[in-house]
Each structure stands twice: as C-alpha cells, then as structure tokens.
Amino acid sequence: MSKSKTLSKPAISSSEKSALLGTQSISSLLIKQAVPASIGILVMSLNILVDTIFVGNWIGPVAIAAINVVLPVSFFIAALGMAIGIGGASIISRALGAGDNDKARRTFGNQVSLTVVITAILVVLGLFYIDSLVPAFGGKGAIFEPARVYYRIVLYGVPILALCMMGNNVIRAEGAPKHAMIAMLIPSIGNLLLDYILIQQLDMGMEGAAWATTASYGLCFIYVAWFFLSGRSELLPSLGQLLPHFGILKEIGSLGFVTLGRQATTSILYLILNNILFELGGEDSVSAFGIIGRLMMFAIFPVLGITQGFLPIAGYNYGAQKWHRVREVIFTSIKYACLLGLVIFGLLYFFAPQIASIFIKDQNVIDQTAVAIKIVFLAIPIIAIQLIGAAYYQAIGKALPALILTLLRTGIILIPLLLLLSEIYGIDGVWISFPIADVTSTLITAYFLWQAMQKLQNPQLAAATTSQQDGDD
C-alpha cells in the first residue's frame with residue numbers, strides 16, 4: 001500500500017457532517033454555513049438584477065413592470081416550497097441533534113409529498129383564473145398583455161421551483177451548505193445564459209424571458225434530485241415514509257406557515273404597491289418599484305445568508321440542549337449581519353443614481369428610483385435583529401411567536417403605513433413607510449429575543465420548555 005493511501009483522510013459521512021453542528025466553534029460553523037448561503041443568495045440576487053437589466057434594455061421599461069406584476073403570484077406558490085422546506089428543516093435539525101434519524105427521514109418524505117400535491121393544485125387554479133389575477137396585481141393598461149404572457153409560462157415551472165426551494169433548505173439542515181449553494185447557483189447562471197440566447201439572439205421578447213426563467217428551475221431540480229439520489233444525503237426516505245404522517249405534517253404546517261405568512265404578506269405588499277403606484281405615477285412608478293424590489297434581496301443578501309446559516313446551527317444545538325451554544329450563535333449572527341448591513345447601506349445610499357441608471361435609460365424612472373433607494377434602505381444596518389429574532393423561534397420550533405414576529409414588519413406595520421401615508425404624502429409616503437416599519441419591527445423583535453436569551457441562561461427552564469414541546473409533538 002502506498003504512503004499516500006495510508007495517510008489519506010477518510011471522507012466525512014453525512015451523519016458526521018450534521019454532528020459537527022454541535023461540536024465545532026460557532027464562528028467557524030457560521031462562516032461555513034453562512035458564506036455558501038450568502039454566495040448563493042448573492043448570485044441569485046445578481047441574476048434577478050441582471051435579468052432586470054436585460055429585460056429593461058432589450059425589451060423596455062413596461063417589461064420590468066410586467067414582471068413585477070407577476071412576481072407576487074409566482075413568489076407565493078414558490079414560497080410554499082420554501083415554507084415546507086424551512087418548516088421541515090427545523091424538525092430535521094432538531095431530530096438529528098437528538099439522534100432521531102428515522103423522524104428526520106420521515107419528515108423529508110412528507111415534505112416531498114406535500115410540496116407536489118399543493119403546488120400542482122395551485123398552478124391549475126392560477127392558470128384558470130389568469131385573466132382575473134393579472135389585473136388584480138397591477139397588470140393594467142399597457143402592462144397587461146406582456147404580464148399575461150410572462151405569468152402563464154413561468155407558472156408552468158413553479159412546482160419545480162417549489163421542490164428546489166424545499167430541497168435546498170433540507171440540504172442545508174443536514175450540514176451540506178456547499179451543495180445548497182450550488183443548487184442556488186445553477187438556476188441563476190442558467191437563467192442569464194438563456195436570457196441572452198432567447199431574448200437577444202432569438203428575439204423572443206417576454207416569452208423568451210419567461211422560458212429562460214422556467215428552464216432554469218428545471219436545471220436546479222436536476223441537481224437537487226441528484227444530491228438526494230446519489231447517496232450524499234442521510235435523509236433519502238423509503239416509499240412508506242412518503243405517506244402522510246399527521247403529527248409531522250402538523251408541525252411542518254405550523255412552522256412552515258411562518259415562512260408562508262411572510263411570503264404571502266410580500267405578495268399582498270406587491271399587489272397593494274403596484275396598484276397604489278400605478279394610480280399615483282403610472283407605469284413609470286411601477287417600473288421604479290420593480291427595480292427597488294429586486295434591489296431589496298441584493299441589499300440584504302449577507303443578512304439573509306447569515307440567517308440561513310443560523311437556522312441549522314441554532315436548531316441542532318437546541319435539540320441537543322446545548323444552551324450556551326444557542327446563545328452564542330444568536331449574538332455572533334447579529335453582530336456579523338449588522339456590520340455587513342452597514343456596509344451595504346453606505347454603498348446604496350451614496351451611489352443611488354448610478355445604480356438606478358444601470359437598469360433603465362428613462363431619466364424620469366432613474367430619478368424616482370434614486371430617491372426611493374435612499375429612503376427605502378435606511379434601516380438596513382439594524383434589520384438583522386428582526387430577521388434573526390424571528391428565525392430563532394422558527395429554528396427551535398416555536399411557531400406562534402415566529403409567525404407574529406415574521407408578519408410584524410410587512411403585514412402588521414408596513415401595509416397599513418403604506419395605505420395611510422400614501423394618502424397623505426403621495427409617492428413620498430410610500431417610500432417613507434419602509435424605514436418606519438423596519439425600525440419599529442426591529443425594536444419589538446429585540447425585546448422578545450432578549451426575553452428568550454434570559455431563558456437560555458437558565459438551563460432548567462430551557463430544558464423544561466423543550467420537554468413541553470416534545471410532549472406536544
């Protein structure tokens with residue numbers, strides 16, 4: 001036997017990878033989990049931004065508005081996959097931490113079945129009511145026809161996207177963040193290449209943009225399916241584990257409803273904003289928000305990445321009753337995320353006109369967008385507290401506080417503010433509503449998170465809370 005073979009390091013098994021969540025240092029774990037997630041979100045965000053640039057320059061500003069109209073519907077259905085994924089991932093992380101691999105596999109099997117059934121039903125309904133939904137979400141006037149074309153084609157691929165979003169969260173939950181990152185990179189890169197071919201080279205217009213998006217979902221699905229079928233996962237379920245299990249479905253539903261609630265309120269937000277902006281400023285204002293909406297994900301991609309990395313670490317260590325590690329990952333995640341948020345805010349604030357001009361050549365849209373950027377993103381440096389605070393309760397299986405804190409910013413505070421301030425201050429009132437909602441929701445979340453941290457300092461109280469949850473399950 002050669003010396004190199006003798007000294008070769010054996011591959012780490014999938015079960016050993018998940019066990020590392022409870023033993024490695026929090027900082028190194030967070031970097032290992034958050035960096036791939038951040039890269040994936042960054043590339044996905046850049047894909048959305050570049051896609052918007054292509055559409056705006058190759059098709060026109062009305063095309064940006066049309067895509068923005070369709071986003072609430074496709075987001076909501078795709079969010080079902082994300083909701084089922086994150087809800088199940090919380091169960092899986094805690095089950096792996098407690099050594100219950102059978103429950104982890106059964107949970108994943110139920111996630112797959114639930115995602116397929118629900119999204120298929122919603123796609124059929126979405127196509128049936130297409131002519132009612134498009135105008136309801138702001139697809140009026142010149143926006144209607146291109147929005148209808150884009151909506152119909154993209155909806156075909158939404159079930160595949162939902163499975164990808166579900167699978168991606170499960171991959172991360174079992175300690176394989178690099179594979180989760182690759183799963184996010186594939187559709188992003190594929191969409192850009194297909195945009196160039198179908199829009200620029202084949203001159204397919206809105207149909208080309210829609211088919212590029214739908215085909216990119218398929219590429220992502222192929223990779224996610226390969227990960228689970230190739231033996232790289234310890235969660236591949238048996239056929240029997242695909243059958244519904246009421247207790248698991250109930251827990252997936254209660255925890256997943258947190259994510260679904262957030263995405264549902266985002267869809268409602270887009271619906272309200274598109275209609276308000278169309279009434280106040282016409283197609284130009286809808287186009288301006290189309291750019292802002294895409295910048296939102298890009299602007300907070302480091303915070304979202306850290307939040308994604310935080311979830312499996314917090315869930316695993318909570319399941320293993322390692323309270324000091326749970327406290328440490330909360331503090332560390334907030335510290336890193338707030339620092340990164342401050343850097344992103346500076347870039348957006350000082351280069352707002354230049355950023356807006358990348359997307360569109362219409363000076364009126366550029367001016368509106370630049371003003372909006374400076375106002376909408378004022379609270380980015382502190383928004384990490386709100387996101388991680390809500391994510392903590394989701395990670396440990398506390399569905400009700402997670403739901404309340406998740407809906408707090410958009411559903412409870414922002415939407416009512418938009419309706420009120422747009423009546424008083426017009427379009428300026430729309431933009432001002434965002435930082436007010438961010439600051440208010442962050443302060444409230446910080447209070448609840450502080451209360452939770454006090455419980456983690458008391459091992460007996462924390463253990464009793466966990467035991468009560470297990471009894472409820």
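Count residues from 1 along the sequence.
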Give a yes or no answer on whether the side chain of [X] reaches the backbone of [Y] with a donor-acceptor pair at less than 3.5 Å.
| X | Y | answer |
| --- | --- | --- |
| Asp195 | Ala212 | no |
| Ser441 | Asp438 | yes |
| Tyr151 | Gly126 | yes |

**OP:** Applying side-chain contact (heavy atoms from CB on, under 4.5 Å), run through Lys374 and Phe350 and close with a yes or a no.
**Re:** CA-CA 8 Å; Lys374 291 185 176 183; Phe350 291 108; over 6 Å; no
Original post:
Pairs in or reaching into residues 95-120: which pass ring pair (Phe, Tyr, Trp, His ring centres under 6.0 Å), with residues at least two apart or in two chains?
Top reply: Phe108-Phe228
Out of curiosity, [X] [atom1] to [Y] [atom2], how far, rounded to the nearest 0.5 Å?
| X | Y | atom1 | atom2 | value |
| --- | --- | --- | --- | --- |
| Ile171 | Ile92 | CD1 | CD1 | 11.0 Å |
| Ile436 | Leu418 | CD1 | CG | 10.0 Å |
| Ile182 | Cys220 | CD1 | SG | 11.5 Å |
| Ile306 | Leu311 | CD1 | CG | 12.5 Å |
| Thr410 | Leu408 | OG1 | CG | 9.0 Å |
| Ile313 | Ile330 | CD1 | CD1 | 11.5 Å |

**OP:** Give the intermediate values and the outcome of side-chain contact (heavy atoms from CB on, under 4.5 Å) for residues Tyr150 and Thr213.
**Re:** CA-CA 10 Å; Tyr150 190 84; Thr213 300; 3.4 Å; yes
pair [X]-[Y]: side-chain heavy atoms closer than 4.5 Å:
| X | Y | value |
| --- | --- | --- |
| Thr307 | Ser333 | no |
| Leu96 | Asn101 | yes |
| Ile373 | Ile355 | yes |
| Tyr336 | Ser27 | yes |
| Val116 | Pro159 | no |
| Ile344 | Phe377 | no |
| Phe246 | Glu251 | no |
| Cys338 | Ile385 | yes |

Closest approach of [X] to [Y] (non-hydrogen atoms, all atoms of both residues):
| X | Y | result |
| --- | --- | --- |
| Asn168 | Ala180 | ND2-O, 2.7 Å |
| Val224 | Ala183 | CG2-CB, 3.9 Å |
| Ile383 | Thr442 | CA-OG1, 4.1 Å |
| Ala402 | Ala390 | CB-O, 3.9 Å |
| Ile388 | Ile334 | CD1-N, 3.7 Å |
| Leu378 | Pro435 | CB-CB, 3.9 Å |

**OP:** Could you pull out all residues at least two apart from Arg106 that satisfy side-chain hydrogen bond (donor to acceptor under 3.5 Å, both in side chains)?
**Re:** none
Subject >> side-chain hydrogen bond (donor to acceptor under 3.5 Å, both in side chains) involving Ser25 - partner list, sequence neighbours excluded >> reply: Ser28
Original post:
Any idea how Tyr392 and Tyr318 line up, ring-wise: parallel (<30°), tilted (30 to 60°), or perpendicular (>60°)?
Top reply: perpendicular
Original post:
With sequence neighbours excluded, what pairs up with Phe227 under the ring pair (Phe, Tyr, Trp, His ring centres under 6.0 Å) test?
Top reply: His179
Original post:
Can you list the residues that meet the ring pair (Phe, Tyr, Trp, His ring centres under 6.0 Å) rule with Tyr223, with sequence neighbours excluded?
Top reply: Trp226
**OP:** Give the C-alpha distance, both sets of side-chain angles, the deciding distance and a yes or no for side-chain contact (heavy atoms from CB on, under 4.5 Å) between Val343 and Leu339.
**Re:** CA-CA 7 Å; Val343 173; Leu339 287 173; over 6 Å; no
Original post:
Can you name the one residue among Arg325, Glu328, Arg327, His324 that meets side chain to side chain donor-acceptor pair (under 3.5 Å) with Asn317?
Top reply: Arg325
Subject >> Reference residue Tyr393; test side-chain contact (heavy atoms from CB on, under 4.5 Å); the match among Thr445, Leu405, Ile404 >> reply: Leu405
Original post:
Would one find more than 12 heavy atoms of other residues, nucleotides or ligands at under 6.0 Å from atom CG of Leu239?
Top reply: no
Original post:
Would one find more than 12 heavy atoms of other residues, nucleotides or ligands at under 6.0 Å from atom CZ of Phe345?
Top reply: yes
Original post:
Got a sec, which residues hit side chain to side chain contact (heavy atoms under 4.5 Å, CB included) with Ala95, two or more places apart in sequence or on another chain?
Top reply: Asp100, Lys103, Ala104
Subject >> side-chain contact (heavy atoms from CB on, under 4.5 Å) between Lys32 and Gln24, intermediate numbers included >> reply: CA-CA 10 Å; Lys32 187 182 296 184; Gln24 281 193 344; 2.9 Å; yes
